[in-house]
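Below is one structure, written out as structure tokens; comments come after it.
Residue numbering restarts at 1 for every chain, and letters A, B, ... go by the order of the sequence lines.
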Amino acid sequence: MGSSTPVDDRTWLFLPCPEISRCLLLVQMAFRLPHLLRCDTTNTDGSMFRDQTYGRHFVRYYCTMKTNELREAYLSFFESKGCVRRPSDVLVPKDDPTVLFTPAGMNQFKNQFLGIGPLEFTKATTSQKCLRTGDIGNVGVTAYHHTFFEMLGNFSFGDYFKKEAIHWAWEFLTDKKWLGLDPQRLKVTVYLDDDEAYDIWHKEVGLSTDHIRRDDEHENFWPAGAPSNGPDGVCGPCSEIYYYPPSGGKEVEIWNLVFTQFNRVGDPPDNLKPLPKQNIDTGMGLERCAAVLQGVESNYEIDILRPLCEAAGETVGKKYSFAGPEGRALRRIADHLRACAFAIHEGVAPGSHGAEYIIRLLLRRAFLEGYLIGMREPFLHLLVPKVNELMAVPYPELSKTEQTVAGTIKEEEQHFLGTIDRGLGKFEKLVEKAKSGGGNVLPGKEVFDLHQTDGFILDLTQAMAADRGLTIDMQEYGIAEEDHKRKSGQGSWGVMAAGPLDEIQKVVGDTEFLAYETTSSTAKVVGLIVDGQPVEVVKTPDARVDVILDRSPFYGESGGQVGDSGTLSGPSLLVNVEDVQKHGGLIVHRGVLVSGELKVGDSVDAQVDDERRAGIRRAHTATHLLHHALHQVLGDHAMQRGSKVEDDQLRFDFSHGAAVKADELLNIEDIVNAKIVAGAPVSIDYMDLKDAKAQGAMALFGEKYPDRVRLVSMGEFSKELCGGTHLDNTGQVGLCKIAQEENVAAGVRRITAYTGKKALDKVRESERLLEDVGRALKTPQLHDLPRKIDQLQEELKTLRQERAQFTKASVANRVGELLAKAEQVGEARIVCIELQDVDRDTLREYADQLRNQGGSIAVLLGTTIEGKVALLAAVSKDLVKRGIKAGDCVREAAKAVGGGGGGRPDLAEAGGKLPEKTPQALEVAATYYRNALNG
RNA sequence: GGGGGAUUAGCUCAGUUGGGAGAGCGCUUGCAUGGCAUGCAAGAGGUCAUCGGUUCAAGUCCGUUAUCCUCCA
């Protein structure tokens, strides 16, 4: 490729081009790319470029608008319009149960759109990292599909509306100071009857009518099709902006302006009620727009993605080119890996549930692309540094978790290789079966079963089947898949609609939060909810009720700390509060009405269960000590990944690649308890987030923090951002006992520990258990127990062996006698007798020895075991050949003792419930054998 | 959150309609063999994960618990 390099760190981009003069080419390129800085068709020595990807003639160029610059330009443009620049929300929202991943820029502003809570600003702009898996099949195939992408957005909460949104979008796209795109290449759409938007585009912006199209509710309404099909809630028409590339390729939707102006209530007609406050929600795909500005045909060719595709190619040993045979696979690897790296960075490791499962799926699909190319060892993790390098400008924090993320990915890759390995055996059997049946189709049901139980992704099975000239019955597969989906139960995503709690909050505002200062106070009831509906009064005894107070000493579950419990009381009124949750700024007391009645407006005494709160405080402070100890013993990578703090017990998840060794665990426990004994003071300070970080405070990646944070410090060794309730001094924890260490997801370990009273209880419990065992084994010296148990087991084994030998010997003694007394029918003998004090094994031993020594022989033995009859029939091989069947015999005989049985022709067993009838059963058997031998 | 599956010898795994617990590798011993993954023979090694149920009889059928794998949302 060309020898000269760009003047700064800009990356050359490449396009095929016709063989034309350099001058003409420059004009053409300048026309295409408003930000073109430099372009070339030849090397400095005048020779033509040669490249297998782009052919003989291509142009090499670079332009000012790198993706990072576009992102920055967008944000500063809207800042200049008065929007507040907000950081990207986390990719995996922890406090929004309606989504697994942030799907769009507006997600972090849900409450502002719904009018819940205070408005710190009325317009905002963001570049939001998003993850969607709905179109995963298209990723790598089309030019524009991603799972992970960034969305540029500007938002208005009752501030500016259509006019500004449209004008600003146009200004940013076409003004030479900003993107400077050719207006002739832009066309827009509006919703069918949105004349307001149409007129702004046509009359104010000056777009000619052939550049404006009206589209229906499925194309130009949010949510799509909402007027006819719902869901209920806020909605509105959209206006989309399309770019028509000079290459004549397909148009690209680069910007969608959503005008949320309605609240949908029920089905048409007249179901769209105007909202009192109108909002703006716009989204511009960063990668798409970058592709337009950089003059490339696909998002995967832009400066922050193409190098990743190329790096992916290198790790699998293939050269990446867009149209090359591995192009699609490498793009998928690049896309999925980017998504996984970001999610894992935020602490969502591959797992079996929720978001964690999606990440596992993405990672496995990415790995599979490499596997099908021929990779048989982990390779994805090698690309993590490349992702971080390309995304370092907007997300510098990625570098801090690089090792953990790469390690987690590597572990999952190895894990998946193991899964593939295990499934291969079953797959081979399927192939065998299909081929031996003469067919070349694998049954869909069994292929799905392979997928469902062994994680064999369909693509893999298909590829491997194709290698052997087999296909899969996809229709049957589809049926099995549907069936599984139905059985495993489909949950529905919540839609964006305000619930009764939001209504209450709009009226009364946030609950005043007293939990840091006190555990009891008087308060006024400002809202009651029963069965999800707001009510004015509750008087049914035992009714479950959610109570909202104007102020509350209760701590609502958050930051891993469980909600308080306690009571709300008044004259002749008692509500048991069992759980307390936070909903936005509200504290929701979930409880049961024990007595009296509760009305909105009532004054109540709110009393937190002090003892339980004290236990929670012990556990929470101990959690910080544990976090500190983990860093000391395991290293700084042992970052918190989640926690659950309860009454004197805690669960702490952290990243660590391997099981924590026993001695490490002891060491951790020692450090925690040393810090407890040290009695370090616990202090709480409020400060700006950046100051706290400057002090080295530990914060969770992927957690959203407000600008003012609460810093919890213990002595000089621990500083964490935390909203929980803590002790005044670490000494008050008393004791911390680690109970368990386990694996929860790839690269994530969990420690369970107890504090205070429960720690003591746990120790006592195991002591008592040991003492019980010692008593049972008559070993008062507990340290003798392991030896005692070994000794007893050895003894038991020896006795069993001796007994078996003894039985064998005693059987041998009697067999001769039994044979001597046996009934003779021709050449054969019949032995039908009852034995005393023998078990089933001994009966078999008799039968074996009788057959070994008795030549042609038919046997039926009976005995009584635990009040029930046991019968065993045996027939020597020569008699079996004559058609005498032990199974038939024993079945007949069993009827006489009220039972049934069966077995093989040479040996069969049966039982019955009537021991006193055993002689009759023996007679039935003898008769059966006689008849059979004579017949 | 829900679904499917697994758990049998030290290891890897078979085990049909319920009727006598198996193979390969490894281990021990003996014999053969001057050498590499040597050959032959014998042997040891099992709470069939757990607890309960059905049955005359459960590794096998049903349920519980634990651990692991896996899928769906």
Whole-Å distance separating the [atom1] atom of [X] from the [atom2] atom of [N]:
X: A:L362; N: B:A73; atom1: CG; atom2: P; result: 13 Å
X: A:L100; N: B:G1; atom1: CG; atom2: C1'; result: 12 Å
X: A:L363; N: B:C71; atom1: CG; atom2: P; result: 12 Å
X: A:I865; N: B:C56; atom1: CD1; atom2: P; result: 14 Å
X: A:K895; N: B:C56; atom1: NZ; atom2: C1'; result: 15 Å

Taking atom [atom1] in both [N] and [M], compute the distance separating them and give it to the nearest angstrom.
N: B:U70; M: B:U38; atom1: P; result: 36 Å
N: B:A66; M: B:U29; atom1: C1'; result: 40 Å
N: B:U12; M: B:C51; atom1: C1'; result: 29 Å

Under a 3.5 Å limit for both distances, which nucleotide forms a Watson-Crick or G-U wobble pair with [N], could you say?
N: B:A37; value: none
N: B:A66; value: B:U7
N: B:A58; value: none
N: B:U28; value: B:A42
N: B:A73; value: none
N: B:U50; value: none
N: B:U12; value: B:A23

For [X], what residues pass the side chain to side chain donor-acceptor pair (under 3.5 Å) criterion, not counting sequence neighbours?
X: A:K758; value: A:Q649
X: A:H146; value: A:N299, A:Y300
X: A:T147; value: A:D335
X: A:R590; value: A:D546

Residues pairing under salt bridge (charged side-chain N to carboxylate O under 4.0 Å, His left out) where one sits in residues 863-885 of chain A, two or more places apart or in two chains, turn out to be none

Residues passing the ring-ring contact (aromatic ring centres under 6.0 Å, His included) test with A:F427, sequence neighbours excluded, are none

Checklist entry - So is A:R376 actually on top of A:Y371's ring, under 6.0 Å and inside 45° of the axis? => result yes

Notebook entry, point to check: Does A:Y754 have A:K737 sitting over its ring (NZ/CZ under 6.0 Å from centre, angle to axis within 45°)?
Noted result: no

Checklist entry - Could A:E557 and A:K582 be called an ion pair, given the rule that one side-chain N must be under 4.0 Å from one carboxylate O? => result no

Give every pair of a protein N or O atom and an N or O atom of nucleotides 66-70 of chain B that lie under 3.5 Å apart, one pair per line with the distance.
from  : atom 1 : to     : atom 2 : distance (Å)
B:U70 : OP1    : A:R364 : NH1    : 3.2
B:U70 : OP1    : A:R364 : NH2    : 2.5
B:U70 : OP1    : A:H415 : NE2    : 3.3
B:U70 : OP1    : A:T419 : OG1    : 2.9
B:U70 : OP2    : A:R360 : NH1    : 3.3
B:U70 : OP2    : A:H415 : NE2    : 3.3
B:U70 : O2'    : A:H451 : O      : 3.2
B:U70 : O2'    : A:Q452 : O      : 2.4
B:U70 : O2'    : A:G455 : N      : 3.4

Between A:R851 and A:V869, whichever has its closest RNA chain B nucleotide further toward 5' is A:R851

Short heteroatom pairs, N/O only, protein and nucleotides 15-19 of chain B, under 3.5 Å:
from  : atom 1 : to     : atom 2 : distance (Å)
B:G19 : N9     : A:G902 : O      : 3.4
B:G19 : N7     : A:G902 : O      : 3.2
B:G19 : O6     : A:G901 : O      : 3.4
B:G19 : O6     : A:G902 : N      : 2.8
B:G19 : N1     : A:E909 : O      : 3.2

For A:E413, the salt bridge (Lys or Arg N to Asp or Glu O under 4.0 Å) test, sequence neighbours excluded, returns none

A:V880 meets the side chain to side chain contact (heavy atoms under 4.5 Å, CB included) criterion, sequence neighbours left out, with A:V875, A:P905, A:D906

The side chain to side chain contact (heavy atoms under 4.5 Å, CB included) partners of A:H145 (sequence neighbours excluded) come to A:D135, A:N138, A:V139, A:T142

Pairwise N/O distances under 3.5 Å, protein to nucleotides 45-55 of chain B:
from  : atom 1 : to     : atom 2 : distance (Å)
B:G45 : OP1    : A:Q801 : NE2    : 3.0

